[in-house]
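This report refers to the structure that appears directly beneath it.
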Amino acid sequence: MTSSAPARWRFLGTATGIIAVAALAALPFLVDAYMLHWAITVLKFAVLTLAWDILARTGQVSFGHAAFFGLGAYVAVLASSTLGLGQILSMLVAGVVAAGLATCLSALFFRVRGIYFAILTLAFAEVLKVCATMLTGMTGGAMGLSARPLFGGDAVKSYFFILILALFTIATMWLLSRTRYHFGITAMRSSPEVAAAFGIPVVPIRTIAYSVSAGLTGVVGAFYAFYTTYINPESAFDVAISVAPVIMSIFGGLYSIAGGIIGAVTLTLLQEYLRTTFEYGSLIVYGLLLIVSILFMPKGVWGLVSGLASRQRSPAREVAS
Amino acid sequence: MLRIRNLSKSFGGVRAVDNVSFDVPLGAIVALIGPNGAGKTSTFNLISGLLPPDSGSVTLFDKPLTGKSPDEICRAGVARTFQISQLFETLSIRENIQTAALFGRSTRDDVQAAARRSDELVEAFDLGSHANALPKDLTFAQRRNVEIARALVMDPQILLLDEVLAGLTASEIEEAIAIVERVKSPTVGILLVEHQMRAVMRLADSVVVMMNGGVLMQGSPEEVRKHPKVLSAYLGEEIDASGSHIATRSEEALSLNSTADGGGRSVSAAAEPVLSIRNLSAGYGPLTALHGIDIDVGDNELVALIGSNGMGKSTTLKAISGLLVPLAGKVHFEGRDVTHLPAHSIVRLGLGQVPEGRQLFQYMSVEDNLMLGAAFVAQAWGARRERLDEIFALFPRLAERRSQRAGSLSGGEQQMVAIGRALMARPRLLMLDEPTIGLAPIVVAETFEAISRIKAAGVSVLLVEQNVGWALRVADRVYVMESGKIVLAEKAENLWANREFLQSFGLG
Ligand SMILES: Nc1ncnc2c1ncn2[C@@H]1O[C@H](COP(=O)(O)OP(=O)(O)OP(=O)(O)O)[C@@H](O)[C@H]1O
Ligand SMILES: [Mg+2]
């Protein structure tokens, strides 16, 4: 009885995963251009949210991931226009540069914790925005830069690029969750000092988490630049880019892959639905919905769902023991 | 062998650790004792790399540990427990132990093997029914067992145990001694900080006595217990080779108490008890921890509630003070039904509490913590200055530390603040949950004298205490609790005369 219960859940999970991937692969051939655009946007936010969550799991909350998003956007556009690199290569370079910057920053930023760290990241994103505005020679200043459309404007190819990036992110996080680093990261979140006293290499783990998180965000920023074909400091370093993954994670469920995906999908589509439904005040409705959901689902949608599922499972466990 | 040489550390003006040198050889148990705030835990923090020393060195098999990060030191084979338990609150009990298993010395990334190792320890420490619970749902004693298990699972060469026996009853201490004896092996060196002299006398091969940051002396348990300075500054009274107090003094303390209330001991609770509990039941979620208990505390009476750990004593106090909503039964305080009043209203009526495990406001100063005890109690706020002076007279150590952040105090100093904070409210009835946990023997004696004085000043006291000897000496009446029920209610002097009887409750 009891041995088959987890097996059943695992089977259910695997089956859902396979069906979901198949459906996602078929999607661009089934929907129109407008829907495809929204699918791309959803995936973009899913990667942003999961990437942000990688750092959050270590106990540090960033309010400035727009720094890496914007940096990625500019690096990619400049790499392809001035160095003549291909677009895919440019996006990868953007990711590497963003990750490298995070590695350097971690020595400085991780001296502080909690709200102080959050403010540092927020301020840093603003600094980069100002830099992008001032360095007119390179970035075009407030006028921004334009880029050649991604894959020559082929939306289906763009879709597959961001889909593969999302699957790569999910796979990485899932594999990680099966190693000891998952335990180390969760322990660090309670207390880095105590975690270190139990042999957990806190500083390297935190630095790597920040770099991976920033690198993925940088690639998404680069993707955004080529996909929209135009960037300026306001759009690339938009505070909304920093805030979106925080809200989506909390709404969907912090520290979980499923939670991040649920948050990104639901809130991206909800925002678009409200925007087209209400002529005025769609943001007010959106805000109210968020407030209510956070008050009544403090662990997010996924926390609620998995909580109910485990309650359903627990009687079986009691009978067995 | 762990070698400590000329280790020093200051915090501002306080020399917490001052030129300390000693060795911990493999196969040996070294005890580190000394008054509260002597620098024992700070020494642990310096060894485990949590604090950088100002000067001095620590080496393990001649390889320097100083300058390494805490995780490197841990992987080199040094494991520790924390005096104030520091579990990973977001991980289950099993995962807490498993995490340590995954990162300790010579461990590899084998999550399954680590799970098996931690399950063994979960069983060994009798935590099976809580393996999937979060630390916040455990009792004080269970949390500490997880602390020990988490250090043991790392298979350390040097094991640092910081007051792991605090708050245990006599028979639980015996069990714990047996555990440590089992851990003892030629390949492990154990450094043990402990105020439980019974364990120190039995376990230690060598004892290091610290005082004011420095090493006062090092010697065998025999030498240490006879050293006049150790006697006067730490033990406060003579103990025999088994770590028990020498009986004469105990009789004295008992007579001290009977004179304090004019010899007229109340036979049972007075006609109008200050606190009366009838048929009280309480629990946590599906688990019922209290099964319909009755307790009375008379006017100016000191009532002790004793029993092994996990029997429901703390739950009783929580249910009385409104921190836990009772399932059934009534609590009357000075004739008034307070069963369903919120905790803060009950405090304002004059029912003060020293909760288990201190629960100070870590980021506030000592003085602010104390002031807070009186801040929301109208009758106490006016007299707060005098009260503060009284508390500083009771615990002079706190006067020296008045503007220090409470979270950075030593464990014993924190306990003093917790007692002081409850007294600030000038309660009518004071409930104390293991008030002397982690206090040096001499301070334990002083605290019980203080509690007797508090009672002499007209306050009724309900005391939960693991140290049965002391409980019997200061109390008027005693309730014995077992598995959530009151199994015995008796006058303290009668129980004192028949102490052996208590052994049947595991309290001998
Ligand atoms: N971070 C800190 N800042 C200021 N003072 C500190 C700090 N940490 C410890 N101290 C002080 O250093 C002294 C030694 O503290 P320590 O915790 O080592 O004592 P201890 O011997 O373990 O005492 P106990 O038996 O009460 O646990 C104490 O007086 C304490 O107040
Ligand atoms: Mg200590």
Side-chain angles (χ1 to χ4, degrees), chain A residues 2 5-6 53 56-60 107 110 113-116 174-208 253-256 298-299 303 306-307 310-311 313-321, chain B residues 44-45 47-51 68-82 84-92 94-115 118 128-129 131-132 134-136 147 150-151 153-156 160 286:
Chain A
T2 36
D53 193 60
R57 286 170 187 225
T58 68
Q60 289 284 35
F110 287 139
R113 225 183 274 171
I115 188 115
Y116 300 101
W174 185 78
L175 287 175
L176 190 78
S177 74
R178 306 176 65 82
T179 70
R180 62 176 173 157
Y181 292 98
H182 171 67
F183 291 86
I185 287 171
T186 316
M188 279 166 63
R189 198 158 71 227
S190 298
S191 162
E193 287 84 11
V194 181
F198 287 91
I200 297 163
V202 171
V203 176
I205 290 183
R206 205 157 48 188
T207 307
I208 292 169
L254 280 166
Y255 320 131
S256 87
K299 289 185 176 169
S306 54
S310 71
R311 202 176 304 164
R313 266 179 290 169
S314 62
R317 202 185 295 155
E318 260 162 53
V319 170
S321 69
Chain B
F44 267 31
N45 290 340
I47 297 172
S48 57
L50 247 57
L51 288 173
K68 290 201 170 155
S69 63
D71 50 302
E72 288 169 328
I73 293 174
C74 170
R75 289 197 297 275
V78 181
R80 68 169 293 174
T81 65
F82 287 87
I84 298 172
S85 92
Q86 305 269 6
L87 301 178
F88 301 123
E89 299 293 332
T90 48
L91 291 173
S92 73
R94 178 184 285 118
E95 288 168 339
N96 260 278
I97 302 172
Q98 195 180 354
T99 302
L102 282 166
F103 286 93
R105 179 170 67 109
S106 72
T107 42
R108 274 170 299 118
D109 191 351
D110 186 345
V111 175
Q112 293 311 318
S118 47
S129 52
N132 296 315
L134 289 176
K136 70 171 169 51
E147 278 272 344
R150 197 173 55 165
V153 80
M154 296 203 292
D155 201 5
L160 311 175

Greater than 12 external heavy atoms within 6.0 Å of A:Ile115's CD1: no
- prompt: Measuring from B:Gln98:CD to A:Arg180:CZ, what's the distance to the nearest 0.5 Å?
  reply: 12.5 Å
message: Looking at every heavy atom in both A:Gly199 and B:Cys74, which two are closest together, and how far apart are they?
response: N-SG, 3.1 Å
query: What's the spacing between A:His182 NE2 and B:Glu95 CD if we round to 0.5 Å?
result: 6.5 Å
- prompt: Non-hydrogen atoms of chain A under 4.5 Å away: do they reach the side chain of B:Ser48, the backbone, both or neither?
  reply: neither
query: Do you know the tightest heavy-atom contact between A:Ser190 and B:Thr90?
result: OG-OG1, 3.1 Å
task: Locate the shortest heavy-atom distance separating A:Val194 from B:Phe82; write the atom from each residue and the value.
output: CG1-CE1, 3.8 Å
- prompt: What is the minimum heavy-atom distance between A:Phe198 and B:Arg80, and which atoms define it?
  reply: CZ-O, 3.6 Å
query: Considering residues at least two apart in sequence or located in another chain, which fulfil the side chain to side chain donor-acceptor pair (under 3.5 Å) criterion with A:Ser256?
result: none
- request: Indicate the atoms forming the closest heavy-atom contact of B:Thr99 with A:Gly184, along with that distance.
  value: CG2-N, 4.4 Å
Listed partners of A:Tyr255 passing ring pair (Phe, Tyr, Trp, His ring centres under 6.0 Å), at least two apart: none
query: What's the shortest heavy-atom distance between B:Arg75 and A:Ile200, and which atoms?
result: NH1-C, 4.3 Å
- request: With rounding to the nearest 0.5 Å, note down the distance linking CD1 in A:Ile205 to CG in B:Asp71.
  value: 8.5 Å
Criterion side chain to side chain contact (heavy atoms under 4.5 Å, CB included) on B:Leu102 and A:Tyr181, from CA distance to verdict: CA-CA 9 Å; B:Leu102 282 166; A:Tyr181 292 98; over 6 Å; no
message: Nearest 0.5 angstrom please: B:Phe88 CZ to A:Met188 CE, how far?
response: 10.5 Å
